[in-house]
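In each ligand, atom 1 is the first atom listed, and ligand 1 is the first ligand listed. All of these numbers come straight from a predicted model, not from anything done at the bench.
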Amino acid sequence: MQQIVQPVAPQVVVVQPQQMLVLLDDTPTATVCKYCNKSIITNVKYKSGSLFLIVCLFYRLICGFCLIPFCVRGFKDAHHSCPYCHKHLGIYTRK
Ligand SMILES: [Zn+2]
């Protein structure tokens, strides 16, 4: 008796790049870029967020001017990006 051997289709295994969950804060953070997969320390740019506007209004009402929040980095949101591919990686938002 002859056995018929069916050709077995090769299995295709798709390996997804692992997304590392790294909590971003307001300083440059060591992580792996999810776009270029390099080990990086993020570039951080500080931009005005909602807390910044609230603090501006507060200083405006109390002091009559609102220059202080512009000098304090702690009131701004931290926008993280990759130093190699320059893609946006995330935002640390003030609460
Ligand atoms: Zn990158």
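Following chains of ILVMFWY side-chain contacts shorter than 4.5 Å, one can reach Y35 starting from Y84, so the two form part of one hydrophobic cluster.
Taken to the nearest 0.5 Å, the NE2 atom of H80 stands 9.5 Å off from the CD1 atom of I91.
Here the shortest heavy-atom pairing between T42 and P28 reads O-CB, 3.3 Å. Residues V32 and S39 come closest through the heavy atom pair CG2-OG, 4.1 Å.
The Zn ion (ligand 1) forms the vertex of an angle spanning SG of C85 and SG of C82; to the nearest 10 degrees it equals 100°. Around the Zn ion (ligand 1), the angle linking C33 (SG) with C36 (SG) is 100°, rounded to 10 degrees.
Distances from the Zn ion (ligand 1) show that H86 has no N/O/S atom below 2.8 Å.
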